[in-house]
Visitor: 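Sharing a structure, written as C-alpha cells. Questions coming.
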There are 2 protein chains.
Amino acid sequence: MNAVAKPLYELVKHHVLGRIRSGELKPGSRVESEYELVRALKVSRMTANRALRELVQSGVLARVPGRGTFVADLRSAAHPLQIRNIAADIQSRGHVHRARVVLQELVECPAVIALRLSISHGMAFHSLIVHHENELPLQVEERFVNPRIAPDYLSVDFTRTTPHEYLMAVAPLERVEHVVSAVAPSATVATLLQLELSEPVLLIERTTWSQELPASFACLYHAGSRFELRGVFSI
Amino acid sequence: MNAVAKPLYELVKHHVLGRIRSGELKPGSRVESEYELVRALKVSRMTANRALRELVQSGVLARVPGRGTFVADLRSAAHPLQIRNIAADIQSRGHVHRARVVLQELVECPAVIALRLSISHGMAFHSLIVHHENELPLQVEERFVNPRIAPDYLSVDFTRTTPHEYLMAVAPLERVEHVVSAVAPSATVATLLQLELSEPVLLIERTTWSQELPASFACLYHAGSRFELRGVFSI
DNA sequence: AAGTGGTCTAGACCACTGT
DNA sequence: CAGTGGTCTAGACCACTTT
C-alpha cells in the first residue's frame with residue numbers, strides 16, 4: 001500500500017517533511033546533508049540532491065553552500081499569494097509597527113468558524129488586533145485559533161510577536177488557503193481602521209493547517225487606500 | 001562575457017527559451033528530445049533532463065512519456081496569482097460567458113500608461129470590454145496594448161476571444177505582474193458593472209511582458225460582491 | 001583537512017507511445 | 001521495433017565554509 005512505486009526522491013522528501021511536520025525540525029534547524037541521506041536512506045547522492053533541491057524550490061528548505069541545509073523560516077515559504085508578515089512588511093519599509101490588542105480571549109466559537117476549524121465542542125481562542133504603520137491603522141486582524149494546535153495562545157504578548165509568527169513557531173505550517181475580496185467595512189472594522197463606512201476594504205481570509213488539522217482562521221481587513229497585494233511571475 | 005560560468009543546464013534552458021521567445025516554437029510545438037539535446041549541445045542526458053524538468057516546473061513546457069516534450073499552452077503557465085482567463089473560469093462553472101466590446105481603438109495614450117509600456121511616441125491600442133456571467137456583469141477589462149507586440153489588435157473580434165488569449169497566442173508571455181487592491185468604482189465602472197458607487201470593487205492591475213518588452217497593461221474591475229481570488233499552498 | 005552544496009557525466013533499467 | 005520520458009547510480013571535480 002506504500003504507493004504504487006513512488007520515486008526514491010519522493011521518499012527522501014517525505015522523510016524530511018515528516019521530521020518538519022512532526023515539529024522535530026523547526027525553522028532554522030539543520031537538515032541532514034546529502035551524504036548523510038545517502039548513508040541513512042541508501043540512495044545515491046544525486047537522488048538526495050534532487051529531493052533537497054525540490055524542497056528548496058517549494059520554499060521548505062534553504063541551502064547554504066559549504067554550510068548545510070536548513071528549514072526555511074516564515075517569509076520564504078510564500079509564493080502563491082505571499083504569506084505576509086505584516087510587522088516585517090512594515091519594518092522593511094523603514095516604518096514603525098505597533099500592534100494594539102483589542103481582544104484575546106477564549107470564546108464559544110461561531111458555528112461557521114467551528115466548522116472550518118473542525119472543532120467539535122465549540123470553544124476556540126479569539127484575538128482581535130490592530131496593526132499600525134507609523135500610528136496609522138493598516139490592518140485589522142481577527143483570528144480564531146484551534147486550542148489543540150496552540151494551547152498557550154492566550155498568554156502570548158501580541159504586541160511583541162504577531163499571531164502568525166507565534167503559530168509558525170509552535171506548529172509548522174502545512175497548508176494555507178487564501179481568499180481575497182473587496183468588501184464594505186463593518187462598523188467595528190471601520191472604526192478600528194479609522195475609515196468611513198463607504199470606503200472599500202481589502203479582505204484576506206486565511207485558513208492554515210498544521211499537523212493535519214485546521215490551525216487557524218483569520219480575517220485580515222485592510223484600508224483599500226493604504227494597502228495592495230503584489231505578485232510577480234516570470235519564466 | 002557569456003556569464004561568469006553559468007551552469008550547463010541553464011544554457012540548455014536558455015537555448016529552448018530562445019526558440020520559444022523568438023516565436024520559432026509556439027504552444028503545442030514539439031521541443032527537442034533529451035537525446036537530441038545531448039547530441040546538439042554536447043551535454044549529458046541528466047543535464048538536458050534537468051533543464052527540461054525545470055522548464056516543466058515553471059509551466060513553460062509539458063512532457064508526455066513516450067511521446068515527447070511540448071511547449072505548454074496558455075492556462076498551464078499560471079501559479080502565483082493565477083493568470084486567470086475570465087471566459088474559461090465562467091465556462092468551468094457551467095455558466096455562459098458573453099463579452100461586450102465597448103471600445104477598441106487607437107489612442108494617444110496617457111503618460112502614466114506610456115511609461116509603463118515603454119512607448120515613446122505615445123500611441124497605443126486601447127480596449128474596454130465587459131465580461132458577463134449569465135448576463136450579469138462580472139468584470140470590466142480596460143487594457144492598453146503595445147502596438148509593437150500585437151499590431152493587429154484592433155481587428156480581433158473580442159466577443160470570440162479574450163484579449164488575454166489573443167496576446168498569449170501572438171506573443172509568448174515572459175513576465176507578469178499583478179497588483180490587487182480594493183477601490184471605489186468610478187462612475188463609468190459602476191455603470192458598466194451595474195453597481196452603486198458605494199459598493200467596493202476588487203481591482204487587479206496586470207502588466208505583462210513579452211519579447212523583453214512591456215506588452216500590455218490591464219485594469220480588471222470586479223464587483224466585490226460577485227468575485228474573489230483564491231489561492232492554496234501546501235508543502 | 002574535512003565537510004558541504006553545486007554541478008556534471010556515462011552509463012543503466014523501466015514503462016510507455018509510436019510505427 | 002526504435003524513440004521517448006522517468007528514474008537511478010557511482011563516481012567525479014569544484015568552490016566554499018568550518019574546524
Side-chain angles (χ1 to χ4, degrees), chain A residues 2-17 19-20 25-73 76-77 235, chain B residues 1-17 19-20 25-73 76-77:
Chain A
N2 252 338
V4 201
K6 250 194 191 165
L8 272 182
Y9 64 85
E10 286 294 346
L11 296 183
V12 178
K13 288 168 73 170
H14 189 265
H15 166 83
V16 175
L17 283 175
R19 305 218 304 148
I20 295 176
L25 296 177
K26 297 189 173 303
S29 299
R30 187 173 170 286
V31 174
E32 294 104 311
S33 76
E34 298 187 353
Y35 281 115
E36 285 166 347
L37 288 171
V38 165
R39 287 194 294 272
L41 304 181
K42 316 275 192 204
V43 298
S44 80
R45 191 183 154 211
M46 278 303 281
T47 299
N49 176 272
R50 173 165 179 183
L52 295 181
R53 196 152 30 81
E54 291 191 358
L55 288 176
V56 168
Q57 214 284 326
S58 66
V60 178
L61 300 179
R63 316 193 74 182
V64 186
R67 305 214 333 118
T69 302
F70 305 88
V71 179
D73 54 18
S76 24
I235 54 174
Chain B
M1 34 32 183
N2 249 339
V4 201
K6 252 194 191 165
L8 274 181
Y9 64 85
E10 286 296 346
L11 296 183
V12 178
K13 287 169 72 169
H14 190 264
H15 166 83
V16 174
L17 281 175
R19 305 218 303 148
I20 295 176
L25 296 177
K26 296 191 172 302
S29 300
R30 187 173 172 287
V31 175
E32 294 104 311
S33 76
E34 297 186 354
Y35 281 114
E36 285 166 346
L37 288 171
V38 165
R39 288 193 294 272
L41 304 181
K42 316 274 192 203
V43 297
S44 80
R45 190 182 157 215
M46 278 304 282
T47 299
N49 177 272
R50 173 167 178 181
L52 296 180
R53 195 151 32 80
E54 292 191 358
L55 288 177
V56 168
Q57 213 284 328
S58 66
V60 178
L61 300 179
R63 316 193 75 182
V64 186
R67 305 221 324 116
T69 302
F70 306 87
V71 180
D73 53 19
S76 23

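As the structure is a prediction and not an experimental result, all values here were calculated from the model. In what follows, chains are A, B, ... by sequence order, proteins preceding strands, each numbered from 1.
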Visitor: Going through the checks in order, is the side chain to side chain contact (heavy atoms under 4.5 Å, CB included) test met by B:Glu54 and B:Arg50?
Guide: CA-CA 6 Å; B:Glu54 292 191 358; B:Arg50 173 167 178 181; 2.9 Å; yes

Visitor: Can you tell me if A:Arg30 touches the phosphate of C:dT4, counting only side-chain N or O atoms and a distance under 4.0 Å to OP1 or OP2?
Guide: yes

Visitor: Could you walk me through whether A:Ile20 and A:Val16 pass the side chain to side chain contact (heavy atoms under 4.5 Å, CB included) check?
Guide: CA-CA 6 Å; A:Ile20 295 176; A:Val16 175; 4.2 Å; yes

Visitor: Between C:dT9, C:dT4, D:dT9, which nucleotide gets closest to the side-chain atoms of A:Ser44?
Guide: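 The answer is D:dT9, which lies nearest to the side chain.
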
Visitor: Could you go step by step and tell me if B:Leu37 and B:Val31 meet the side chain to side chain contact (heavy atoms under 4.5 Å, CB included) rule?
Guide: CA-CA 10 Å; B:Leu37 288 171; B:Val31 175; 5.5 Å; no

Visitor: Considering residues at least two apart in sequence or located in another chain, which fulfil the side-chain hydrogen bond (donor to acceptor under 3.5 Å, both in side chains) criterion with B:Arg53?
Guide: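 Result, side-chain hydrogen bond (donor to acceptor under 3.5 Å, both in side chains) vs B:Arg53: B:Asn49.
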
Visitor: Do you know the tightest heavy-atom contact between A:Val71 and A:Lys26?
Guide: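 Looking at all heavy atoms of both residues, the closest pair is CB-O, 3.3 Å.
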
Visitor: For the pair made of OH in B:Tyr35 and P in C:dC13, what is the distance, rounded to whole Å?
Guide: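 For the pair B:Tyr35 OH and C:dC13 P, the rounded distance is 12 Å.
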
Visitor: What is the distance, rounded to the nearest whole Å, between atom CZ of B:Arg67 and atom P of C:dT19?
Guide: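 The answer, rounded to whole Å, is 9 Å.
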
Visitor: Roughly how many Å is it from CZ in B:Arg63 to C1' in D:dT7, rounded to a whole number?
Guide: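 After rounding, the reported distance stands at 12 Å.
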
Visitor: Let me know the distance between NZ of A:Lys42 and C1' of D:dA10, rounded to the nearest Å.
Guide: 15 Å

Visitor: With the side chain of B:Tyr9 defined as its heavy atoms from C-beta on, choose the nearest nucleotide among C:dC8, C:dT9, C:dG5.
Guide: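 That would be C:dC8.
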
Visitor: Establish, with yes or no, whether the OP1 or OP2 oxygen of D:dG5 is under 4.0 angstrom from a side-chain nitrogen or oxygen of B:Thr69.
Guide: yes

Visitor: Under the side chain to side chain contact (heavy atoms under 4.5 Å, CB included) test, which residues partner A:Leu8, sequence neighbours left out?
Guide: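 Listed in chain order: A:Leu11, A:Val43, A:Thr47.
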
Visitor: What's the NZ-P distance between A:Lys13 and D:dC8, to the nearest Å?
Guide: 12 Å

Visitor: More than 12 heavy atoms of other residues, nucleotides or ligands under 6.0 Å from NE2 of B:His14: is that the case?
Guide: no

Visitor: For DNA chain C, find the residues of residues 45-52 of chain B with a heavy-atom distance under 4.0 Å and give them by number; none if there aren't any.
Guide: B:Arg45, B:Met46, B:Thr47, B:Arg50

Visitor: Take atom CG of B:Leu37 and atom P of D:dG6, then tell me their distance rounded to the nearest Å.
Guide: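 Distance, rounded to whole Å: 13 Å.
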
Visitor: Once pairs are restricted to Watson-Crick or G-U wobble with both distances under 3.5 Å, how does DNA chain D read as a dot-bracket string, [ ] for crossings and | for other-strand pairs?
Guide: ..||||||||||||||.|.

Visitor: Measure from CG on A:Leu61 to C1' on C:dT4 and round the result to the nearest Å.
Guide: 15 Å

Visitor: Residues in salt bridge (Lys or Arg N to Asp or Glu O under 4.0 Å) with B:Arg30, at least two apart?
Guide: B:Glu36

Visitor: Taking for each residue the nucleotide of DNA chain D bearing the nearest heavy atom, is the 5' side occupied by A:Val64 or by A:Leu8?
Guide: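 By nearest-heavy-atom nucleotide position, the 5'-most residue is A:Leu8.
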
Visitor: Using the side-chain heavy atoms of B:Glu36, tell me which of these nucleotides is nearest: D:dG5, C:dT4, D:dT4.
Guide: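 Side chain of B:Glu36 sits closest to D:dT4.
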
Visitor: At what distance, to the nearest 0.5 angstrom, does CG of B:Leu25 lie from CG of B:Leu17?
Guide: 10.0 Å

Visitor: With sequence neighbours left out, what residues match A:Arg45 under side chain to side chain contact (heavy atoms under 4.5 Å, CB included)?
Guide: A:Glu34, A:Tyr35, A:Val38

Visitor: A:Glu54 CD to C:dG5 C1': how many Å, rounded?
Guide: 16 Å

Visitor: Under 4.0 Å: is that the gap between some side-chain N or O of B:Ser33 and OP1 or OP2 of D:dG3?
Guide: no

